[in-house]
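Since the structure comes first, as structure tokens, the remarks are kept for the end.
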There are 2 protein chains.
Amino acid sequence: MANSPTGDSVTDRLVRVLETFTPSRTVQTAAEIGRRSGLPRSSAHRIVGELVDAGLLERDDDRRIRIGMRLWELATRSSQALRLRQAAMPAMERVQARIREHTQLAVLEQDEALFLERLSGPTSGSNVTRIAGRLPLHASSSGLVLLAYGTRDLQERMLAGRLARLTPETIADPAALRRKLAEVRTLGHAVARGSIELVSTGVAVPVRDETGTVVAALSVVLPRDAPTSAALDELHRGRREIERALGVRS
Amino acid sequence: MANSPTGDSVTDRLVRVLETFTPSRTVQTAAEIGRRSGLPRSSAHRIVGELVDAGLLERDDDRRIRIGMRLWELATRSSQALRLRQAAMPAMERVQARIREHTQLAVLEQDEALFLERLSGPTSGSNVTRIAGRLPLHASSSGLVLLAYGTRDLQERMLAGRLARLTPETIADPAALRRKLAEVRTLGHAVARGSIELVSTGVAVPVRDETGTVVAALSVVLPRDAPTSAALDELHRGRREIERALGVRS
DNA sequence: ACGGGCATCCCGATCAATGAGACGGATGCT
DNA sequence: AGCATCCGTCTCATTGATCGGGATGCCCGT
């Protein structure tokens, strides 16, 4: 069953090892991995050794460990993410070229918005989003779109949970969030002003696949008080372009 | 030791399962995975189940299996690949905008050229390269660059092995390849005319990191008989831009 | 010279992983 | 309808791989 009372299993261990790697911690010694994953020294060494043999991890010259390119290759080669990204890239480039601000593509993953791609704006201004990074659903414009068009189940779960307040303007009240989601559905897009960081505003639109399901959010990050209409036009144009690439006949 | 007499180990099995996924085969049933990885039915089911629990694989509504976005996230978040890609993206976009042909970034991985990124040309003409795809070192322009600036050991290994002939114009003779590599080092770039597919020509330049090591190849794919000088200018401009982003002081 | 941190190797006990097989349902071919 | 496949799920006895404590030796900074 999924309710494993024991957090153990070889697979779990491997995942725990892999999860000790973060964007800021991309290389570490085997002993560090052991500590961070709560594994005994010798076990950590053995597991890391196996992963290195398999090519998922790589051993540096000075014996430090990093994520192997083979893992990236394996994951990228055939993930959903790649197909979506492929379909979206040309459109994203166009949007970025016209708006000249951060342009992003996000999907829903484990109750958070996971960013698949990001084309950086002028001097890369604010950098809260990273490729393969995450943001809460209730705070980011992308998240609001994904949530508003998500399952009823997801919405109830989010409304019942604690809504972290990233800035004074983050929507942290369930009732207010419910109203916001209704607004997003009515307008067909989300505007999040200052809810991630006070100096910027996110604008996002939903992207649907051939079955009509919303599979991603296309968004841009603007300076806080910039007008949003031009960006919205471009986003909708981009959305249509992506949907066409996904095989949606319109 | 690497001379494992038993091809087994839990890790090996997991990797074998993951490796059954290819760009053309992105979703499959658990039984198929078992067959392709040479695992007994029931074992395959169990392993797949564990991987699904861990979030590395995902189970479809009709119980078919696909690579999980979590695996992509894990791999992308902290791999070498991402840093390089990040540093290279702006330059690649510029090159692509000027040349208007496929623009690619490749690194050396297990004696092959692994493509980290690819911005597609006009109507995406010929599509032999994919993101996270591979090409042989002796045939592609990117590969020739990576090989020419690679270790002596790598060069000897390649010259000793069999050189696959993808087209009549692929360099398949060791002596000819040796001359070609010397030429690449002299010129500082590689031109591969018709060696991957007869209708196109690849042009590649090396990209170095702060230690002076060649870490990647930046390339474009042109129609077979197009002039290469404009492309070379742009590639070198792009190369300098990437190297600056990598922290190379020039 | 010394102590801390690291990687590596060893080894016996244990226990979780293993895989054959039986079962039931879905699909499709004749 | 009837039959043949192919799928997923479950059980269970056996075993061999996994586990982790501990000893050893290396490197580095103080």
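Below, read A as the first sequence line, B as the second, and so on, with proteins coming before strands; counting in each chain starts at 1.
If you check dC7(D), dT18(D), dC6(C) against the side chain of V10(B), the one that comes closest is dT18(D). With distances taken from any side-chain atom of R46(B) to the nucleotides dG19(C), dT8(C), dA7(C), the minimum falls on dG19(C). Nearest nucleotide to the side chain of R41(A), out of dG22(D), dA17(C), dA22(C): dG22(D). Minimum atom distance to the side chain of R63(A) is reached by dT8(C), of the listed dG19(C), dT9(D), dT8(C). Taking only side-chain atoms of P40(B), from C-beta outward, the nucleotide of dA20(C), dA17(C), dT9(D) with the closest atom is dA20(C). Closest to the H45(A) side chain, of the nucleotides dA7(C), dC7(D), dC10(D), is dA7(C). Side chain of I47(A), nearest nucleotide from dG21(C), dC19(D), dC6(C): dC19(D). Taking every side-chain heavy atom of T29(A) into account, dC6(C) is the closest of dA20(C), dG8(D), dC6(C).
When each of I131(A), L82(A), V107(A) is checked for a side-chain contact (heavy atoms from CB on, under 4.5 Å) with L116(A), only V107(A) meets the rule.
Summarising the geometry, the separation between CG on D61(B) and P on dA26(C) is reported as 17 Å, rounded to the nearest angstrom. Here the C1' atom of nucleotide dG25(C) and the CG atom of D62(B) are 16 Å apart, to the nearest Å. Atom-to-atom, CZ of R64(B) to P of dA26(C) comes out at 18 Å; the value is rounded to the nearest Å. Note: CD (E32(B)) to P (dC6(D)) measures 12 Å, nearest angstrom. At whole-Å resolution of the value, CG in D60(A) and C1' in dC6(C) are 15 Å apart. Summarising the geometry, the separation between CG on L39(A) and P on dA7(C) is reported as 14 Å, rounded to the nearest angstrom. Atom CG of L14(A) is separated from atom C1' of dA16(C) by 15 Å (rounded to the nearest Å). To the nearest angstrom, P of dA7(C) lies 16 Å from CD of E50(A).
Taking side-chain N and O atoms only, S43(A) has a distance below 4.0 Å to OP1 or OP2 of dG20(D). Note on R35(A): a side-chain N or O is less than 4.0 Å away from OP1 or OP2 of dC6(C). Taking side-chain N and O atoms only, R13(A) has a distance below 4.0 Å to OP1 or OP2 of dC19(D).
Under the 4.0 Å criterion applied to side-chain N and carboxylate O atoms, E210(B) and R249(B) are not assigned as salt-bridge partners.
When each of A31(A) and T11(A) is assigned the nucleotide of DNA chain C with its nearest heavy atom, A31(A) is the one assigned upstream, toward the 5' end.
Inspection of the S24(B) and T22(B) side chains reveals an N or O donor paired with an N or O acceptor under 3.5 Å. Between the side chains of S141(B) and S219(B), not a single donor N or O lies within less than 3.5 Å of an accepting N or O.
Cation-pi geometry between R36(B) and F21(B) is not met at under 6.0 angstrom from the ring centre and within 45 degrees of the axis.
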